[in-house]
> 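Provided herewith is a single structure, encoded as structure tokens, for subsequent inquiry.
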Amino acid sequence: MKERVQLGKSGLKVSPICFGCWQMGQTYWGKQPEDVLIRAVHTAFEYNVNFFDTADAYGDGIAEKILGKAIKELPRDKIIIATKVFHHFYPDGHRHPDLSKKYILYECEKSLERLGIDYIDLYQAHSYEIYTPMEEIAEAFEKLKREGKIRAYGVSNFTLEQLRLARKYGSFSTLQPYYNLLEPGIEKDLLPYCYGEKLGVLVYSPLLRGILTGKFTGKEVFSDLRANDLRFKGKRFQELVRKVEKLKPVAKDKGMSVTQLTLLTTLSHPAIHSAIVGIKNSAQIKEAAEVMRYKDLTLPEYYQVRSLLS
Ligand SMILES: NC(=O)c1ccc[n+]([C@@H]2O[C@H](COP(=O)([O-])OP(=O)(O)OC[C@H]3O[C@@H](n4cnc5c(N)ncnc54)[C@H](OP(=O)(O)O)[C@@H]3O)[C@@H](O)[C@H]2O)c1
């Protein structure tokens, strides 16, 4: 597999493995020691991962601050920082959607401050916002690009129609959708569209929040966001775990882990440029990064994995 890919027409050259920073937010995923997270960022760089995805809303600024501390020691021109805007959050903890021009411009400055950088490589609308007209949203991103505060902009969690609408008004060049081999729904519409339009695609939750690593037995009880997720409970959880079990002999045969086989298969889709893996420590990013050293799967190998999970 190539260690750098063009992220569609965004102009950004990224590693196919992207370091996901939601876990740095110290909220939904429980608390992670800051030094462990910072070390994980440095491990990522050592293992040739140059792409980091965060959001202002991950811990209401906390994840951006931790990533900012970690990248101080890395060469700015050798890393690609993606962040997002959408949730207008307040010191008392309440929040609401906001992609008004005023908020996007304000929040971009705040993200730059928290990250300790003077430009963001990829600035994304975290979700579709109903109230603000798309012309206004596009105008804000375009202004930031003109001013050199961002290099490219894109969207996340948009439907096909929302994406078409956004592209009518602005040069949105990437999509960050939910995708994994057990829930590959966007293969029907969004992925073919993005491929045809040469949009950059960075998928999130490629490991289905850990299920596609093969590390669970189906009996685990969670205290983080997975505690309220029906896919991590009872029969549904056991069914998913049983499917993933089937990958174990195939992965072993290839001398890789189930996590690596999952990521390699995910990245075989021609529309997908990068898989954003949520990371808690150095060992996790090292295992993911090693995927970049493997040969691409052949067509029969690819469909073998897909049929085992279907
Ligand atoms: N745009 C959006 O709306 C959106 C939404 C969600 C996520 N994201 C982005 O996408 C990233 C990834 O998504 P995600 O966190 O939902 O799902 P994910 O990457 O499918 O799963 C993350 C979890 O997988 C486990 N893991 C990761 N690497 C591992 C390894 N090598 N071995 C064993 N376990 C491993 C960790 O679980 P343990 O806790 O069990 O260690 C981690 O918390 C996020 O960090 C964020 O940057 C974006």
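Both ligands and their constituent atoms are indexed starting at 1 by order of listing. Along the sequence shown, the residues carry numbers beginning at 1.
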> Counting only heavy atoms not in Tyr119, do more than 12 fall under 6.0 Å of its OH?
yes
> Using side-chain contact (heavy atoms from CB on, under 4.5 Å), reason through Tyr178 and Leu208 one step at a time and then give a plain yes or no.
CA-CA 9 Å; Tyr178 177 83; Leu208 215 182; 3.8 Å; yes
> Just need the protein heavy atom nearest to atom 13 (O) of ligand 1, so name the residue and atom and give the distance.
Ser205 N, 3.2 Å
> Heavy atom of Tyr58 under 4.0 Å from ligand 1?
yes
> List every atom of ligand 1 that sits less than 4.0 Å from any heavy atom of Cys21, numbering the atoms from 1 in the order shown and giving each element.
45 (O), 47 (O)
> Is there at least one pair of N or O atoms, one from Val277 and one from ligand 1, spaced under 3.5 Å apart?
no
> Write out the residue and atom name of the closest protein heavy atom to atom 3 (O) of ligand 1, then the distance separating them to 0.1 Å.
Asn157 ND2, 2.8 Å
> Which heavy atom in Ser127 sits nearest to a heavy atom in Leu99, and how many Å separate them?
O-CD1, 3.6 Å
> Only counting residues at least two apart or in another chain, list the ones meeting ring-ring contact (aromatic ring centres under 6.0 Å, His included) with Phe45.
none
> Salt bridge or not for Lys145 and Glu142, using N-O below 4.0 Å?
no
> Under the ring-ring contact (aromatic ring centres under 6.0 Å, His included) rule, collect the residues that match up with His42, sequence neighbours excluded.
none
> Give the atoms of ligand 1, by number and element, whose distance to some non-hydrogen atom of Gly210 is under 4.0 Å.
21 (O), 24 (O)
> Is Lys280 touching ligand 1 with its side chain, its backbone, both, or neither, if touching means heavy atoms under 4.0 Å apart?
side chain
> Quiz question: by atom type and distance under 3.5 Å, do the side chains of Tyr169 and Glu136 form a donor-acceptor pair?
no
> Should the heavy atoms of other residues, nucleotides or ligands under 6.0 Å from NZ of Lys69 be counted, would the total exceed 12?
no
> Looking only at N/O atoms, are Gly278 and ligand 1 under 3.5 Å apart anywhere?
yes
> Is there a nitrogen or oxygen of Trp22 sitting under 3.5 Å from a nitrogen or oxygen of ligand 1?
yes
> Would you check whether Ser156 has a nitrogen or oxygen atom less than 3.5 angstrom from a nitrogen or oxygen atom of ligand 1?
yes
> Is the closest N or O pair between Gln176 and ligand 1 shorter than 3.5 Å?
yes
> Pick, from Thr259, Ile276, Thr262, the option with the minimum heavy-atom distance to atom 12 (C) of ligand 1.
Ile276
> What protein heavy atom lies closest to atom 21 (O) of ligand 1? Include the residue and the distance to one decimal.
Arg209 CA, 3.2 Å
> Ala283 to ligand 1: N or O pair under 3.5 Å?
no
> I'd like the name of whichever of Gln124, His126, Gln284 reaches closest to atom 28 (N) of ligand 1 through any heavy atom.
Gln284
> Side chains of Ser205 and Asn180: is there a donor and an acceptor less than 3.5 Å apart?
no
> Evaluate Arg226 for polar contact with ligand 1, using N/O atom pairs at a separation under 3.5 Å.
yes
> With the threshold set at 4.0 Å, does a side-chain nitrogen-carboxylate oxygen contact exist between Lys149 and Glu109?
yes
> For the residue pair Glu187 / Tyr179, report whether a side-chain donor-acceptor contact shorter than 3.5 Å exists.
yes
> For Tyr90, does the OH atom have more than 12 heavy-atom neighbours from other residues, nucleotides or ligands under 6.0 Å away?
yes
> For ligand 1, which part of Trp29 has a heavy atom less than 4.0 Å away: the side chain, the backbone, both, or neither?
side chain
> For Lys84, is the nearest heavy atom under 4.0 Å from an atom of ligand 1?
yes
> Evaluating non-hydrogen atoms only, which member of Glu287, Glu220, Gln23, Gln32 is closest to atom 30 (C) of ligand 1?
Glu287
> Where does Thr213 meet ligand 1, judged by heavy-atom distances below 4.0 Å: at the side chain, the backbone, both, or neither?
side chain
> What residue and atom, counting heavy atoms only, is the protein's closest point to atom 34 (N) of ligand 1, and at what distance?
Lys215 NZ, 2.9 Å
> Provide, to 0.1 Å, the distance between atom 47 (O) of ligand 1 and the closest protein heavy atom, together with that atom's residue and name.
Asp53 OD2, 2.9 Å
> Give the contacting part of Pro206 toward ligand 1: side chain, backbone, both or neither, where contact means a heavy-atom distance below 4.0 Å.
both
> Which residue owns the protein heavy atom closest to atom 10 (O) of ligand 1, what's the atom, and how far is it?
Tyr204 CB, 3.2 Å
> Would you check if there is a donor-acceptor pair between the side chains of Gln124 and Ser156 at a distance under 3.5 Å?
no
> For Lys246, does the NZ atom have more than 12 heavy-atom neighbours from other residues, nucleotides or ligands under 6.0 Å away?
yes
